[in-house]
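Some notes on the structure that comes next.
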Number of protein chains: 2
Amino acid sequence: MNEGVEWAMHSCVNLSWAPGEAVTAKRLAAFYNLPTAYLNKQLQALTRAGILTSVSGPKGGFQLARDPRDISLLDIVVAIDGPDDAFRCMEILKEGPGADARADYTKICVISQAMRGAELTYRRELANRSIADIAAEVVRLNPSAPDNTRNRFANLKS
Amino acid sequence: MNEGVEWAMHSCVNLSWAPGEAVTAKRLAAFYNLPTAYLNKQLQALTRAGILTSVSGPKGGFQLARDPRDISLLDIVVAIDGPDDAFRCMEILKEGPGADARADYTKICVISQAMRGAELTYRRELANRSIADIAAEVVRLNPSAPDNTRNRFANLKS
DNA sequence: CTATCCTGGACATCTAATATCCAGGATATG
DNA sequence: CATATCCTGGATATTAGATGTCCAGGATAG
């Protein structure tokens, strides 16, 4: 899985603690010492997916597009890593005995079904975890996290 | 995920229908028109993982090392694709504010925990599906599959 | 002894992930 | 309006991993 997923999740949690404020890609990158241009690519993907909104120009930057309770970890995985399953059925049964050339073996093949089923449970787990859930759990473990985050945003070179 | 996982799973199902018989890599590859040398690499990985046994020389080949009821889809995924999670926590929190250099953020980080949890449900699903389960389901849909497989093994050029 | 076939390492190729750069457009501010 | 800031998106370079091939060596059946 793309490493940008981790960056994006942490960035979204941090943005949830800076509501109404646009944070530049530069600051978000400096927060974890990440390459600015590359993180920017991930932020653009999140924006295209409707998870973030962006504003150009001075005072511009990124912020969450909606309530963090309505942004799931799955939303972020799909935005950054794409919608494809980890296991991609290549329909090798089409090369086997008695194959039906018109059949869709991604649907018929029992192995494909089993892998797809496991993937669905994975996705269900991620769909049930929101950025707000994560943020709340972080606060429970470290109540000063939101303040620390806001302070760091304020102190980082734009 | 490595495409060899799909090849390995189908090959194991087919081997479950040829008990006691050693099948060469060449035949297993020809079955689905796969590259022999590369499939052989996957078969070797399965052998090292204790899922297959191999015999060198004439009449040699591969067969299942144990009852197909005791070979799970997870066993095969781990053997071919390795034990690592899809999401690999890079501990970017170590670069954040108030980081503890000695902490293991793969364990502490809430995001890492959430991703790990989803991965565990995925693995649990795969661990609960055996090659015997898959084979039985294939037979239910196509009762002649075992015979077809044995015939194809017999007819393919060694 | 010989033909067969697995073993494992070396090597080549291709794709995707990672990363950088820049021209262009949007916008806040003076 | 002029300017500095900052997102957008495409082009490009680099690297790692996946994919695939080849061969020398060893095991074994006949």
Side-chain angles (χ1 to χ4, degrees), chain A residues 1-8 11 15 21-30 32-63 65 77 79-88 90 92 153 156-158, chain B residues 1-8 11 15 21-30 32-65 77 79-84 86-88 90 92 153 156-158:
Chain A
M1 178 172 296
N2 196 316
E3 190 180 344
V5 170
E6 183 180 9
W7 303 356
S11 294
L15 285 172
E21 174 190 358
V23 183
T24 66
K26 208 170 185 177
R27 270 190 237 263
L28 286 166
Y32 293 119
N33 198 23
L34 303 173
T36 304
Y38 193 33
L39 174 65
N40 190 40
K41 287 268 181 274
Q42 325 293 343
L43 297 174
Q44 285 183 37
L46 294 174
T47 302
R48 279 191 296 270
I51 294 169
L52 300 183
T53 57
S54 62
V55 178
S56 288
K59 295 287 181 182
F62 298 87
Q63 46 185 316
V77 168
I80 303 292
D81 220 46
D84 291 347
D85 284 6
F87 178 88
R88 190 163 56 111
M90 298 301 286
I92 69 174
F153 277 151
L156 286 169
K157 296 282 181 199
S158 170
Chain B
M1 179 173 292
N2 196 315
E3 191 179 342
V5 171
E6 183 180 9
W7 303 357
S11 294
L15 285 172
E21 175 191 355
V23 183
T24 66
K26 207 170 187 176
R27 270 189 235 264
L28 287 167
Y32 294 120
N33 200 23
L34 303 173
T36 303
Y38 193 33
L39 174 65
N40 190 40
K41 286 269 182 274
Q42 325 295 344
L43 297 174
Q44 284 182 37
L46 293 175
T47 302
R48 278 192 295 272
I51 294 169
L52 301 183
T53 57
S54 63
V55 178
S56 290
K59 295 286 182 183
F62 298 88
Q63 46 185 316
L64 297 184
V77 168
I80 303 293
D81 220 47
D84 291 347
F87 177 89
R88 189 162 57 112
M90 298 300 287
I92 68 175
F153 277 151
L156 287 169
K157 295 282 182 201
S158 169

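Chain A is the first sequence line, chain B the second, and so forth, proteins listed ahead of strands; every chain is numbered from 1. Bear in mind that the values here come from a model prediction, so they are computed numbers and not experimental data.
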With B:Tyr38, which residues qualify under side-chain hydrogen bond (donor to acceptor under 3.5 Å, both in side chains), at least two apart? none

Side chain to side chain contact (heavy atoms under 4.5 Å, CB included) against B:Ala65, all qualifying residues, sequence neighbours excluded: B:Thr53

Once side chain to side chain contact (heavy atoms under 4.5 Å, CB included) is applied, do any residues pair with A:Ala30, and if so which ones, sequence neighbours excluded? A:Leu156

Would you mind reading off the distance between A:Leu39 atom CG and C:dA19 atom C1', rounded to a whole angstrom? 12 Å

Can you name the side-chain hydrogen bond (donor to acceptor under 3.5 Å, both in side chains) partners of B:Glu3, sequence neighbours left out? B:Trp7

Five-pair end axes of the helix from C:dC1-D:dG30 to C:dG30-D:dC1 and the angle they enclose, rounded to 10°: 20°

Spacing of A:Leu15 atom CG and A:Leu46 atom CG [to the nearest 0.5 Å]: 9.0 Å

Which pairs with one or both residues in residues 79-88 of chain A pass salt bridge (charged side-chain N to carboxylate O under 4.0 Å, His left out), sequence neighbours excluded? A:Asp85-A:Arg116, A:Asp85-A:Arg123

For D:dT5 and A:Thr24 - does any side-chain N or O of the residue sit under 4.0 Å from the phosphate oxygens OP1/OP2? no

How many whole angstroms separate atom CZ of A:Arg27 from atom C1' of D:dT5? 11 Å

Identify the residue among B:Leu28, B:Ile51, B:Thr24 that makes a side chain to side chain contact (heavy atoms under 4.5 Å, CB included) with B:Leu43. B:Leu28

What is the distance, rounded to the nearest whole Å, between atom CG of A:Leu34 and atom C1' of C:dT20? 15 Å

When rounded to the nearest 0.5 angstrom, what is the spacing between CZ in A:Phe153 and CZ in A:Arg27? 9.0 Å

Whole-Å distance, B:Asn40 CG to C:dG8 C1', equals 10 Å

First locate atom CG of A:Leu34, then atom CE of B:Met90, and finally report the distance between them rounded to the nearest 0.5 Å. 10.5 Å

Rounded to the nearest 0.5 angstrom, the CG-NZ distance for A:Asn40 and A:Lys26 is 12.0 Å

Sugar-phosphate means primed atoms, P, OP1 and OP2; the rest is base. With that split, encode nucleotides 17-30 of chain D 5' to 3' as B, S or - using protein heavy atoms under 4.0 Å. --BBB----BBBB-

With sequence neighbours excluded, what pairs up with B:Ala22 under the side chain to side chain contact (heavy atoms under 4.5 Å, CB included) test? B:Gln63

Positions of residues 44-53 of chain A (non-hydrogen atom under 4.0 Å from DNA chain C), listed by number: none

